[in-house]
Amino acid sequence: MVPDLSEAYDGSEIQVHIAIWAVLLMLLGIFLMSVSFQFFIVSIGVVGFYIGASITWILLTYAEPLKERYPHATVLFTCVSIAGGLVFAGVTVVFWCKSMYLISTAAGYILSLFLWSWKPDYIILNAYARNFAGLGVSLAFGLSMLVIEFLAVCTSTALIGAYTFAIGLDLILRTGLVNGPRSLFDLRSHNIAYNVSDKIYAMLAGVIVLWLLSTILQLVLNRGKRFGVNVVKKEIDDL
């Protein structure tokens with residue numbers, strides 16, 4: 001989920017809307033890495049917002065003409081992506097009993113994006129094979145919620161949070177990490193270059209560190225709890 005970056009990301013100054021997106025993504029990442037288990041409804045909404053905004057951004061990118069850009073592209077990408085994210089977040093919150101499985105499903109696809117980002121050719125050269133592999137990982141993660149719910153939730157929210165934080169940080173540092181998903185989701189050949197450098201390797205390594213630390217933290221803090229269930233101990237009065 002990234003804004004229109006065709007000009008601002010490669011420029012010499014950080015523009016206001018890029019800074020806003022960076023702060024938003026980093027805050028969402030910190031939330032998911034720290035207290036997402038306790039505030040499960042909010043977590044489902046955050047993941048729903050992430051998915052909805054990302055899909056909206058991909059569709060806007062696909063529909064954009066190759067020869068000329070949208071008028072007021074920055075405002076369009078920002079506002080429409082946020083609107084799409086909020087709508088989908090609302091749907092996921094209303095139907096939280098079903099949409100909670102999207103957390104692990106989204107984490108599985110993000111894991112595939114993370115893996116592809118280690119190589120400039122995205123490891124799997126064929127785009128169709130790469131997408132099917134990503135969907136397979138998503139399905140496996142989604143099914144894990146049915147078997148190991150506690151571990152799956154902690155691991156998934158930690159991964160989504162770590163990757164989201166890294167994307168937001170990259171909008172400030174501009175190491176080039178964002179160009180990975182930009183290029184992968186560019187369905188209209190906008191010629192987005194993704195060159196893996198030492199800075200990108202450092203960012204990807206940082207995602208691994210944050211993912212592991214967050215997973216351990218959530219496993220320890222939420223031991224004995226269930227995602228979406230608040231257990232209240234009731235004392236039995238002596239007769």
Does V220 sit in a hydrophobic cluster with other residues, and if so which ones, taking ILVMFWY side chains as linked at heavy-atom separations under 4.5 Å, directly or through other members?
-> I216
Should L212 and V35 be regarded as members of a common hydrophobic cluster, given that ILVMFWY residues are connected when their side-chain heavy atoms come within less than 4.5 Å of each other, either directly or indirectly?
-> yes
What's the spacing between I82 CD1 and T56 OG1 if we round to 0.5 Å?
-> 11.0 Å
What's the shortest heavy-atom distance between L169 and M26, and which atoms?
-> N-CG, 3.7 Å
Is V87 reachable from V80 through a run of hydrophobic residues whose side-chain heavy atoms are each under 4.5 Å from the next?
-> no
Work out which heavy atom in M145 is nearest to a heavy atom in M100; give both atom names and the distance.
-> CE-O, 3.6 Å
Residues sharing V23's hydrophobic cluster, by side-chain heavy-atom contacts under 4.5 Å among ILVMFWY, directly or via others?
-> L27
Would you give me the side-chain donor-acceptor pairs under 3.5 Å for residues 122-137, sequence neighbours excluded?
residue	atom	partner	partner atom	Å
Y122	OH	S183	OG	3.0
N126	OD1	Y128	N	2.9
N126	OD1	A129	N	2.9
R130	NH1	I124	O	2.5
N131	ND2	A127	O	3.2

Rounded to the nearest 0.5 Å, what's the gap from CG on L177 to CG on L171? Could you check?
-> 9.5 Å
Report the C-alpha distance between F150 and F37 in whole Å, list the side-chain angles of each, state the deciding distance to 0.1 Å, and finish with yes or no for ring pair (Phe, Tyr, Trp, His ring centres under 6.0 Å).
-> CA-CA 9 Å; F150 177 67; F37 200 97; 5.5 Å; yes
Would a hydrophobic clustering, with Ile, Leu, Val, Met, Phe, Trp and Tyr connected at side-chain separations under 4.5 Å, put V209 with L204?
-> no
Hydrophobic cluster identity match, V75 and I18, side-chain contacts under 4.5 Å | no
Give the minimum heavy-atom separation between G48 and F88, together with the two atoms involved.
-> O-CD2, 3.1 Å
Between atom OG of S81 and atom CD1 of I55, what is the distance when rounded to the nearest 0.5 Å?
-> 11.5 Å
Quick one: hydrophobic cluster around V91, which other residues, with the 4.5 Å side-chain cut-off, linked directly or via members?
-> V94, F95
Can you tell me how far the OG1 atom of T92 sits from the CD1 atom of I51, to the nearest 0.5 Å?
-> 7.5 Å
Qualifying side chain to side chain donor-acceptor pair (under 3.5 Å) pairs, either residue in residues 194-219, two or more places apart = S36-Q218, T157-Q218, S214-Q218
Please step through side-chain contact (heavy atoms from CB on, under 4.5 Å) for the pair I200 and S117, ending with a clear verdict.
-> CA-CA 9 Å; I200 291 181; S117 299; 5.8 Å; no
Check against side-chain contact (heavy atoms from CB on, under 4.5 Å), D170 and R174 | CA-CA 5 Å; D170 186 69; R174 292 183 284 187; 5.6 Å; no
Non-hydrogen atoms of L86 and F49 that approach each other most closely = N-CD1, 3.5 Å
First locate atom CH2 of W57, then atom CG of L59, and finally report the distance between them rounded to the nearest 0.5 Å.
-> 11.0 Å
Are F31 and W21 in one and the same hydrophobic cluster, where Ile, Leu, Val, Met, Phe, Trp and Tyr link if side-chain heavy atoms are under 4.5 Å apart?
-> yes
Verify side-chain contact (heavy atoms from CB on, under 4.5 Å) between Y50 and L28, making sure each step is shown before the conclusion.
-> CA-CA 9 Å; Y50 192 94; L28 292 179; 5.7 Å; no
T61 vs F77 side-chain heavy atoms within contact, under 4.5 Å | yes
Residues 101-110 side chain polar contacts: donor-acceptor under 3.5 Å, at least two apart:
residue	atom	partner	partner atom	Å
S104	OG	S156	OG	3.1
T105	OG1	Y101	O	2.9

Go through the steps for L25 and F165 under the test side-chain contact (heavy atoms from CB on, under 4.5 Å), then give the verdict.
-> CA-CA 6 Å; L25 291 174; F165 182 86; over 6 Å; no
Heavy atoms, side chains only, cut-off 4.5 Å: are F141 and S112 in contact?
-> no
Heavy-atom side-chain proximity of K119 to V196 below 4.5 angstrom = no
Could you tell me the separation between the CG atom of L210 and the CG atom of L159, rounded to the nearest 0.5 Å?
-> 11.0 Å
